[in-house]
Amino acid sequence: MSIEAGLERYEKINEMIAAELQKKSKATVKNVNGQRYIGCALDKGKTIEVHGTPGNDMACYLNGGKIEVFGNCQDAVGNTMNGGEIIVHGHSGDAMGYGMRDGQIFIRDNVACRGGIHMKEFENMKPVLVIGQNAGSFLGEYMAGGTIVLLGLGLKRGEKLFGTHCASGMHGGKIYIRGNFPKENLSQNIKVSNLTEADKKELDSLVKKYCKCFKADYDEIMSKPFKKLVPATSRPYANLYTPN
């Protein structure tokens, strides 16, 4: 049995999803047309399959559950998520993974502006955002931890791997980027380095999972070299404040 979203208001759809998940571990929602907050605070062991275009804040505060979208997403997907998994068979809007603290997000295509903004990590909580194509401006803005992978698959002539102000204010975490990238769009406080053996092991695992999610070609992806972006300092804006 699936839930038909259509033109129903988001409150009604989310009530129907909650009722379905009280009886089962999985709910399927079809013909989604921008309804917001789908999967908000979804707990571990629960899965929502979404067909259509979910609205803002899908999977906000995700708490270990899994959401798979067969379509595109609007803004703030995975907002402040605590854990779990999001898989999107399409592209995503702005602020993907805003403030995410743990869990993994896999986007088949591209992400708009401010993907991974304010990502953070603590001890064993290490969030991951994997993007198949490219990203808009301010990727990894104010990033404090976690990992972003940018694959650059299927880019057309003239398209850039990321937009302006990439990693602006980044002070933790790392971004793995594949192939050529626009150095002029990279923030000044960022250092470009080669991958360590530990980096290669982590990246290999994430690329394999991306390939499994979207039936992508692992050998093709790994045929191009990767670089790592890390902050040159943990206090990129120290000069803006009065010293103590």
Side-chain angles (χ1 to χ4, degrees), residues 1-120 125 127-133 135-136 138-139 146 148 209-210 212-215:
M1 179 180 174
S2 61
I3 297 167
E4 188 74 16
L7 299 179
E8 289 281 2
R9 284 187 57 83
Y10 70 89
E11 299 98 332
K12 176 73 174 296
I13 296 304
N14 287 319
E15 288 173 2
M16 294 171 69
I17 292 172
E20 186 75 0
L21 290 176
Q22 285 183 347
K23 301 177 290 184
K24 302 176 181 178
S25 61
K26 180 180 178 180
T28 300
V29 193
K30 294 186 176 180
N31 294 319
V32 176
N33 286 286
Q35 284 89 355
R36 293 174 282 170
Y37 309 123
I38 292 175
C40 179
L42 187 69
D43 287 327
K44 186 176 181 179
K46 301 293 185 179
T47 299
I48 301 175
E49 186 177 290
V50 178
H51 296 262
T53 304
N56 292 357
D57 280 309
M58 186 195 79
C60 61
Y61 320 126
L62 190 68
N63 200 35
K66 176 180 178 180
I67 299 182
E68 187 162 9
V69 179
F70 294 88
N72 302 319
C73 292
Q74 294 184 3
D75 299 340
V77 170
N79 179 2
T80 325
M81 64 184 281
N82 296 308
E85 184 177 76
I86 301 170
I87 301 171
V88 178
H89 296 260
H91 63 78
S92 173
D94 295 337
M96 161 61 71
Y98 177 89
M100 66 182 293
R101 298 180 281 199
D102 200 7
Q104 297 186 335
I105 301 177
F106 291 85
I107 307 295
R108 189 192 68 187
D109 300 331
N110 64 299
V111 167
C113 296
R114 290 189 159 89
I117 178 175
H118 278 302
M119 281 177 66
K120 59 204 71 177
M125 299 174 69
V128 170
L129 171 58
V130 181
I131 303 165
Q133 291 184 353
F138 295 98
L139 175 70
I148 295 176
K209 188 164 183 180
Y210 176 91
K212 183 178 180 181
C213 289
F214 306 116
K215 296 181 173 57

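Sequence positions, counted from 1, serve as the residue numbers for this chain. Because only heavy atoms are used, hydrogens play no part in the values below, and waters and symmetry mates are left out as well, while side chains stay in. All of these numbers come straight from a predicted model, not from anything done at the bench.
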> Between D94 and I117, is a side-chain contact (heavy atoms from CB on, under 4.5 Å) present by the stated rule, with each step listed?
Replying inline: CA-CA 10 Å; D94 295 337; I117 178 175; over 6 Å; no

Where [X] and [Y] come nearest, the two heavy atoms and their spacing:
{"X": "K120", "Y": "H118", "answer": "CE-O, 2.9 Å"}
{"X": "K209", "Y": "Q104", "answer": "NZ-OE1, 2.8 Å"}
{"X": "A59", "Y": "I67", "answer": "CB-CD1, 3.6 Å"}
{"X": "M100", "Y": "G103", "answer": "CE-O, 3.7 Å"}
{"X": "I48", "Y": "G39", "answer": "CD1-CA, 3.6 Å"}
{"X": "M119", "Y": "I148", "answer": "SD-CG1, 3.8 Å"}

>> Within a 6.0 Å radius of atom OH on Y98, are there more than 12 heavy atoms belonging to other residues, nucleotides or ligands?
In response: no

Just by modelled atom types, is the [Y] backbone N or O under 3.5 Å from a matching donor or acceptor in the [X] side chain?
{"X": "Q35", "Y": "E8", "value": "yes"}
{"X": "N31", "Y": "A5", "value": "no"}
{"X": "K30", "Y": "S2", "value": "no"}
{"X": "Y210", "Y": "R108", "value": "yes"}
{"X": "N56", "Y": "R36", "value": "no"}
{"X": "N72", "Y": "G90", "value": "no"}
{"X": "N63", "Y": "Y61", "value": "no"}
{"X": "K24", "Y": "K46", "value": "no"}

Spacing of [atom1] belonging to [X] relative to [atom2] belonging to [Y], to within rounding of 0.5 Å:
{"X": "C213", "Y": "I86", "atom1": "SG", "atom2": "CD1", "value": "12.0 Å"}
{"X": "C73", "Y": "H91", "atom1": "SG", "atom2": "NE2", "value": "9.0 Å"}
{"X": "I105", "Y": "M81", "atom1": "CD1", "atom2": "CE", "value": "5.0 Å"}
{"X": "E20", "Y": "S25", "atom1": "CD", "atom2": "OG", "value": "10.0 Å"}
{"X": "E68", "Y": "H51", "atom1": "CD", "atom2": "NE2", "value": "8.5 Å"}
{"X": "K12", "Y": "I3", "atom1": "NZ", "atom2": "CD1", "value": "10.5 Å"}

> What's the verdict on side-chain contact (heavy atoms from CB on, under 4.5 Å) for I107 and L129, showing C-alpha distance, side-chain angles and the deciding distance?
Replying inline: CA-CA 8 Å; I107 307 295; L129 171 58; 4.3 Å; yes

> Just one of L62, I17, T47 clears the side chain to side chain contact (heavy atoms under 4.5 Å, CB included) bar with L42, so which one?
Replying inline: L62

>> Within the 4.5 Å heavy-atom criterion, are N33 and T53 side-chain neighbours or not?
In response: no

> Do C40 and N14 have side chains that get closer than 4.5 Å, going by heavy atoms?
Replying inline: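 Side chain of C40 against side chain of N14, heavy atoms only: no contact under 4.5 Å found.
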
> In terms of the angle between their ring planes, are F70 and H89 parallel, tilted or perpendicular, with boundaries placed at 30° and 60°?
Replying inline: parallel

>> Using the rule given for side-chain contact (heavy atoms from CB on, under 4.5 Å), can you reason through I87 versus F214, listing the C-alpha separation, both sets of side-chain angles and the distance that settles it, and then say yes or no?
In response: CA-CA 9 Å; I87 301 171; F214 306 116; 3.6 Å; yes

